[in-house]
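Structure, as C-alpha cells:
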There are 2 protein chains.
Amino acid sequence: MNHVPVQGAQVVSRIAGLLRIVGRKPEGSSLVELVRESGLTRPTVHRLLTSLASEGLLDHSARTGSWVLGPEILLMGSVASARFPLEDIARPSLRRLAGETGESAFFSIRRGAETVCLLREEGSFPVRSFVLHEGVRFPLGVASAGTAILAFVPEHEQEQILADWPTHAGQFADGHPEAVVRASLHQTRQAGYSVNPGLVLEGSWGMGAAVFDQAGRPAWALSLTGIEPRFREDRREFLGRLLMEEAHRINGRLQPATG
Amino acid sequence: MNHVPVQGAQVVSRIAGLLRIVGRKPEGSSLVELVRESGLTRPTVHRLLTSLASEGLLDHSARTGSWVLGPEILLMGSVASARFPLEDIARPSLRRLAGETGESAFFSIRRGAETVCLLREEGSFPVRSFVLHEGVRFPLGVASAGTAILAFVPEHEQEQILADWPTHAGQFADGHPEAVVRASLHQTRQAGYSVNPGLVLEGSWGMGAAVFDQAGRPAWALSLTGIEPRFREDRREFLGRLLMEEAHRINGRLQPATG
DNA sequence: CAGTTGTGTCCATAATATGGATTGAATCGT
DNA sequence: ACGATTCAATCCATATTATGGACACAACTG
C-alpha cells in the first residue's frame, strides 16, 4: 500500500485505500482482510465501511459478510466512462483477440507505478486462468501488460522503478529478479510485445502489447493469457502480431489518464 | 441534498456528497459550484477535493478549473459493473430503441428516492435534448423514467413519497403539482408506460417503461426523449409498445441494487 | 484601475475520528 | 457436546485531525 497522503484529510486517503482494496476482487473482501491489507484497526475499518455502505459506495452482503463496491460506484463509473469510452474503443479489440486466439483477452490501464485490469473477454479454450480479472493490480514490470507498458516508459522513469525493484515488486520480487525483468523489457522493446512465461503463476503464460495515449505515452495495454502449451515459440509470433495490430487500432484514441 | 449521515464518520458523508455532485455532470463542477451544492465551506471543499484528486478519485483540469471524476472511479466502476453487466444486458435494448425510433434512449436506475441516468444512446433525429445524460438525477416521480418506476413501487412507499411531495420534488415541485403526478402514475399503471409531456423542460417530451429486478421490484427504467412533435398521440402507442417490449427482455436479468 | 468573482493557503480551535477493551455470534476440532 | 478460535459489532474517554474564518492572490470586467 504505497500511498502517501499528500496533505490534509488523511481520512480521504484511508477511504480511498479501502475502496481500492474492495475493488480488487469482484467478490469483495471481508472485514479482517481489509484490516490486514489497510493496516488500520478493526473499529476504524468497520466504522468507515459502515459509513461508506450507508452512502451507497459499498454494499455489505449480510449473508457472506463480505464488502463489495456499491451502486453509487457503479453510477459514478458510468459517468466517468463517458470520458473514457472503453467499451466502444477497447471491447471490439478484445472480442477479436479472444475470438481469433481462443485465449482470454484483457485490457489494462497504467495507474502510477501499477497496472490495473479494466476489461476481460473470455476465450473459448476450455482451460482458463483466473489470475487476471477486472480490478487486479500488478506493479509495473510484472505480468505481460505491465511489462509491455514499462518497456516503453521514458528511461528515467523506468530507472526510477528498477532502482528500488524489490520494494516495488513486493510479493512478486521472488519470481521476478531484476535481471530477468531487465532482459524481458529489452526483449519487449525489440519484439514490440511482451511475454510472461508463467512468472506470476507457474504454467500461466501471458503476452501483451502497449497502447499509447494521444501524447504518445504507454498508458494502456492489451494482453492475452493461457496455459503454457498455447504460448509455445511457434505460436508466439502470431499472437504478438495480433496484439500489436489491435493495439495499433486503439493507439491515440484514448485520453491520457492524468493524475 | 437529502443525505442523512447514519453514524460515525461524517467525513465519509461529505466525501460521498462531493463525489455525487461531481458525478452529476460529465464536464465536472467548479469549486464554487461544489461549495454551493454541498453546503460546506470553501476551505473544506477545497481540501477534500485536493485530497480526492491526489488519490485519483477526482481529476482537476488546471485549464478550466473544473473537477471531474478521476481514473480510480473508472477502475472501480469497471469492477462494479461486473456485478451489473449493463453493457451486455441494457445496451442492446437501447441500440434497438434508438435505432427503431430515431429518438435518444436512456437506461436509468432507482437509487432510494431518486433515479440516476446510467446509459445514453443517441438517436438519429437531428433535434436532440440534453436534459438527460449519464449521471443526471431526478426525484422519483419526475421525468418519464422516474414516473415509470414510481408507478410500480409498493403503495405504501409511493404514499411515503407523495405525502411530502413538495419537499421530495424540490426544484421540480413547480412544474409537477401533486395532482398531476398522481394522475400520471395512474395513467402509467394503466398503459404500462409513462409519458412526460415536457414537464421538466417545455417541449422536451419523454416516455418510459419500468424494468423489474429478480425480486420483481421496479429498479430500473428504459426511456426515450425527444421534441413534442415526435411524441404526438398517434405515435405514442408505437413507442410505448417498443419500450415495454425491450423492458420485458431485461426484466429479471439484473440483480437488485441493495443499499 | 477599482470592483468583482473565483481559487488557493494558514493556523488556532473545537469538533471528530480513533482504537483499546468488551461483548456477541459463528465455526471448528475432538 | 463443549471449550477454543476466529470474526463481527459496539462503546466511549482521549487526542488526533479536520474545520473554517481570515487573508492573499490571480483573472476578469466595466
Side-chain angles (χ1 to χ4, degrees), chain A residues 1 3-25 27-70 258-259, chain B residues 1 3-25 27-70 258-259:
Chain A
M1 307 303 82
H3 286 286
V4 191
V6 182
Q7 55 193 311
Q10 50 270 76
V11 193
V12 172
S13 162
R14 295 179 167 196
I15 292 171
L18 288 176
L19 290 175
R20 257 192 294 269
I21 298 172
V22 173
R24 278 211 289 260
K25 301 191 293 176
E27 75 273 18
S29 320
S30 72
L31 180 61
V32 268
E33 195 177 341
L34 284 157
V35 169
R36 180 164 25 84
E37 307 259 326
S38 68
L40 304 173
T41 62
R42 195 179 9 264
T44 298
V45 172
H46 185 262
R47 186 165 27 78
L48 290 175
L49 292 178
T50 313
S51 305
L52 288 168
S54 86
E55 296 291 335
L57 294 170
L58 293 180
D59 256 359
H60 185 207
S61 159
R63 205 172 43 74
T64 66
S66 75
W67 301 82
V68 291
L69 294 175
T258 64
Chain B
M1 307 301 85
H3 284 288
V4 192
V6 182
Q7 55 194 308
Q10 50 271 75
V11 193
V12 172
S13 163
R14 296 181 166 194
I15 291 171
L18 288 176
L19 289 175
R20 257 192 294 269
I21 298 171
V22 172
R24 278 212 289 259
K25 301 193 292 178
E27 75 273 18
S29 320
S30 72
L31 180 60
V32 267
E33 195 177 341
L34 284 158
V35 168
R36 180 163 25 84
E37 306 258 327
S38 69
L40 305 173
T41 61
R42 203 189 356 273
T44 298
V45 172
H46 185 262
R47 186 164 27 78
L48 290 175
L49 292 178
T50 312
S51 304
L52 287 167
S54 87
E55 295 290 336
L57 294 171
L58 294 180
D59 257 358
H60 186 208
S61 160
R63 203 172 43 75
T64 66
S66 75
W67 301 82
V68 291
L69 293 175
T258 66

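Chain letters run A, B, ... following the sequence lines, proteins first, then strands; residues in each count from 1.
Across the protein-nucleic acid pair, Leu18(B) atom CG and dT19(D) atom P stand 10 Å apart, rounded to whole Å. Rounding to whole angstrom units, CZ of residue Arg14(B) and C1' of dT16(C) are separated by 10 Å. To the nearest angstrom, C1' of dT16(C) lies 13 Å from CG of Leu48(B). For Leu34(A) and dA9(D), the CG to C1' distance is 15 Å, given to the nearest whole Å.
Between Leu69(B) and Asp59(B), every side-chain heavy-atom pair lies at or beyond the 4.5 Å cut-off. Leu40(B) has its side chain out of reach of Leu34(B): every pair of non-hydrogen atoms, C-beta onward, lies at least 4.5 Å apart. Residues Arg14(B) and Thr44(B) are in side-chain contact: their nearest non-hydrogen atoms beyond the backbone lie under 4.5 Å apart.
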Using the 3.5 Å cut-off, write out each protein N or O paired with an N or O of nucleotides 3-7 of chain C and the distance between them.
| unit_1 | atom_1 | unit_2 | atom_2 | d |
| --- | --- | --- | --- | --- |
| dT7(C) | OP1 | Leu31(B) | N | 3.4 |
| dT7(C) | OP2 | Val32(B) | N | 3.0 |

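Minimum interatomic distance between Ile21(B) and Ser38(B) (heavy atoms only, all atoms of both residues): CD1-N, 3.8 Å.
Here the OG1-CD distance, from Thr50(A) to Glu55(A), works out to 12.0 Å after rounding to the nearest 0.5 Å. Interatomic distance, CG of Leu18(A) versus CG of Leu52(A), reported as 7.0 Å (0.5 Å rounding).
Glu33(B) and Lys25(B) are joined by a salt bridge, as a carboxylate oxygen and a charged side-chain nitrogen come within less than 4.0 angstrom of each other.
Residue-level contact check: Arg36(A) touches neither bases nor backbone, having no heavy atom under 4.0 Å from any strand.
Proximity of Thr44(A) to the phosphate of dG19(C): a side-chain N or O atom is located under 4.0 Å from OP1 or OP2. Contact check, Arg47(A) against dT10(D): no side-chain N or O comes under 4.0 Å of OP1 or OP2.
Base-pairing analysis of DNA chain D finds the following stems of at least three consecutive Watson-Crick or G-U pairs, with both pairing distances under 3.5 Å: C:1-30 with D:1-30.
Ring-plane geometry between Trp67(A) and His60(A) is classed as parallel, the angle between the planes falling under 30 degrees on a 0 to 90 degree scale with a further cut at 60.
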